Amino acid sequence: MNHNIETLILSICILLFQINFGFAQQNETPNIVYILADDMGIGDASCYNPDGKIKTIHLDKMAENGMKFTDAHTSSSVCTPTRYGILTGRYNWRSTLKNGVLGGYSAPLISNDRFTVGKLLQKTGYYTGFIGKWHLGWDWAFKQNYENIDNLNTILEVDYYQPIKNGPNQVGFTYAYGFSSSLDIPPYVYIENDRVTALPDKITVNVDDKGFWREGPTAPDFEHVKVLSHLTDKAVDFIGENSNKEKPFFLYFPLPAPHTPILPTTEFMGKSNTNMYGDFVLQVDDVVGKIVAELEKQGVLDNTLLIFTSDNGCSPKANFAELARVGHDPSQGFRGHKADIYEGGHRVPFIVQWPERISGAQTSEQIICTTDFMATVADILGQKMPENAGEDSFSFLKVLNGAMQAEVRPSVIHHSIDGRFAIRKDKWKLIAWPGSGGWTAPRSAKELAGLPEMQLFDLSKDPSEQSNLISDYPELALSLKNEMISLIKNGRSTQGPKLSNDGPEIWDQVKWAFDQE
């Protein structure tokens, strides 16, 4: 009898040990949700801009329960390049795309043999999903050959009965649901994995300034005003279906908002007391609330790494003049906006919530870049990346773990829509161009005439980049210039063997300032 009791006690102890060890193992592999807003400025999140007129209650709660980064940057000031950097851990200008963005019919920018965050997580046992705006190209089945498939304003003939090729499924996503480009760039059809969900049956267009979208083929299940809500429902379902399973999940959820067409649903119309853009931002904030609520409902919120950021600064389509009249600045005092090399083009909100790891209400002033996601995930999982992957990705896990003064990266290179470069190191920023490199002045030949070839700013004293110190610190400028050239030529900014950039050399975009031979 005593022997049986001892055996029973031993069995219970072993079971308890296995259960506890199992939980410990599970906690080492958090679920991961990456929410990427589209064209949302750092000043649009009220946790960054308490004096702003748009009150983002769900983002504020994320910041209260997690960590916000005040010096976070996208790898580009426009969307396609930034998305490339997030998924590959590589600066976008190392790809074949040296400036601008892709169109709705463009070929894939990420090659199938490129190591991505999705592939890293698949390798470590995750179920990976993409839901939302892709804008990284895939191969449509064209009915004829076209010389230029990147034109944003052209309608191309596609055999929609045929599957797409070389899309999200091939670069690390087990499940994929979304559309090819922006909500204002055709074609307007949903793709689930490699097939359209419905054949386009009409041509639609909207010429309203804020609600604008280009003319293009549209499927019956694709209603522009309902896209954000529809994708949110899909994301919530994905979380519900994949929570508490043997495999942890990764959801990459790039939103189509608040990018044009600016189409808040009736529930949010007038809610911000600013303009339609402000209302759309509140709808984006509500999306975050729905994701958090589902994670909480499924009991997985504590062990989920949840990230919210934007792909670049706010677009002028938001109408800065209208917003200024009600006292709101989407760029929060930083110069410029989407497309520019100035801070307003690429300094973005970046909020991380992970209750099991982050105590909450933390603020980090460390410089990070959206390319750093890959290295951080690899660090969390104890994975080593291939030498030819994540070339510009630095882990910020130490900061998440509470080492608030730990430097994440020695410098960061910025990039504008025109392909202009800048380098940021500590408090200094050198712009290798006399103007914005984007959409704000100075940009025209007349505006640029007579200006110094480069711009140097001390962001600790001049965050709005008004005082060019290039003539005051020539040696510092030279040092930063040489470091940028070295990082560009070396094919990487992380430690490792020298690598090659893709496509043609990019010196045509920097030689004006660097006098390359």
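For clarity, every value in this text was computed on a predicted model and none was experimentally measured.
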Inset, instruction - Using the test salt bridge (Lys or Arg N to Asp or Glu O under 4.0 Å), find all partners of K55 that sit at least two apart in sequence or belong to another chain. - result: none
Inset, instruction - Please report the closest heavy-atom contact between A422 and K429, naming both atoms and the distance. - result: CB-CE, 4.1 Å
Legend entry - Minimum-distance pair of heavy atoms, taken over all atoms of A176 and P168: CB-CB, 3.7 Å
Inset, instruction - Can you see which heavy atom on T128 is nearest to which on F173, and at what distance? - result: OG1-CA, 3.3 Å
Inset, instruction - I would like to know whether N166 and N112 meet side-chain hydrogen bond (donor to acceptor under 3.5 Å, both in side chains); could you show each step before the answer? - result: CA-CA 7 Å; N166 304 315; N112 291 350; 2.7 Å; yes
Inset, instruction - Quick one: closest heavy-atom pair of A107 and I149, and the distance? - result: N-CD1, 3.6 Å
Inset, instruction - State, to 0.1 Å, how close Y342 and Q455 come at their nearest heavy-atom pair, and which atoms those are. - result: OH-OE1, 2.9 Å
Inset, instruction - Could you label the plane-to-plane angle of the H230 and Y190 rings as parallel, tilted or perpendicular, counting under 30° as parallel and over 60° as perpendicular? - result: tilted
Inset, instruction - For D392 and R409, work out which heavy atoms get closest and say how close. - result: O-NH2, 2.8 Å
Inset, instruction - Go through D340 and T440 one step at a time and tell me if the side-chain hydrogen bond (donor to acceptor under 3.5 Å, both in side chains) criterion holds. - result: CA-CA 7 Å; D340 297 338; T440 62; 2.8 Å; yes
Legend entry - Reported NZ-to-SG distance for the pair K338 and C79, which is rounded to 0.5 angstrom: 5.5 Å
Legend entry - Residues that K119 engages under salt bridge (Lys or Arg N to Asp or Glu O under 4.0 Å), provided they are two or more places apart: none
Legend entry - Qualifying residue, where the test is ring pair (Phe, Tyr, Trp, His ring centres under 6.0 Å) with H224 and the options are F179, W213, F212: W213
Inset, instruction - Test side-chain hydrogen bond (donor to acceptor under 3.5 Å, both in side chains) on H337 and N312 and set out the steps. - result: CA-CA 8 Å; H337 51 57; N312 44 249; over 6 Å; no
Inset, instruction - Any salt bridge (Lys or Arg N to Asp or Glu O under 4.0 Å) involving residues 137-150? Give me the pairs, sequence neighbours left out, ordered by first then second residue. - result: none
Inset, instruction - With V352 as reference, evaluate L306, T309, L305 under the side-chain contact (heavy atoms from CB on, under 4.5 Å) test and give the passing residue. - result: L305
Legend entry - Cation-aromatic face contact K317/Y277, 6.0 Å, 45 degrees: no
Inset, instruction - Apply the side-chain contact (heavy atoms from CB on, under 4.5 Å) test between I32 and each candidate in F249, W354, Y126; give the one that qualifies. - result: Y126
Legend entry - Check: S493/E391 side-chain N/O donor and acceptor closer than 3.5 Å: no
Inset, instruction - Give a yes/no verdict on a cation-pi contact between K68 and Y48, requiring under 6.0 Å between NZ or CZ and the six-membered ring centre and an angle within 45° of the axis. - result: yes
Inset, instruction - Would you check if the side chain of D159 reaches a backbone N or O of A141 as a donor-acceptor pair within less than 3.5 Å? - result: no
Inset, instruction - Look at the side chain of R424 and the backbone N and O of H73, then say whether any donor-acceptor pair between them is shorter than 3.5 Å. - result: no
Inset, instruction - Assess the pair H414 and F421: is the distance between their ring centroids shorter than 6.0 Å? - result: no
Inset, instruction - Might you confirm whether atom CD of E387 has over 12 heavy atoms from other residues, nucleotides or ligands at distances under 6.0 Å? - result: no
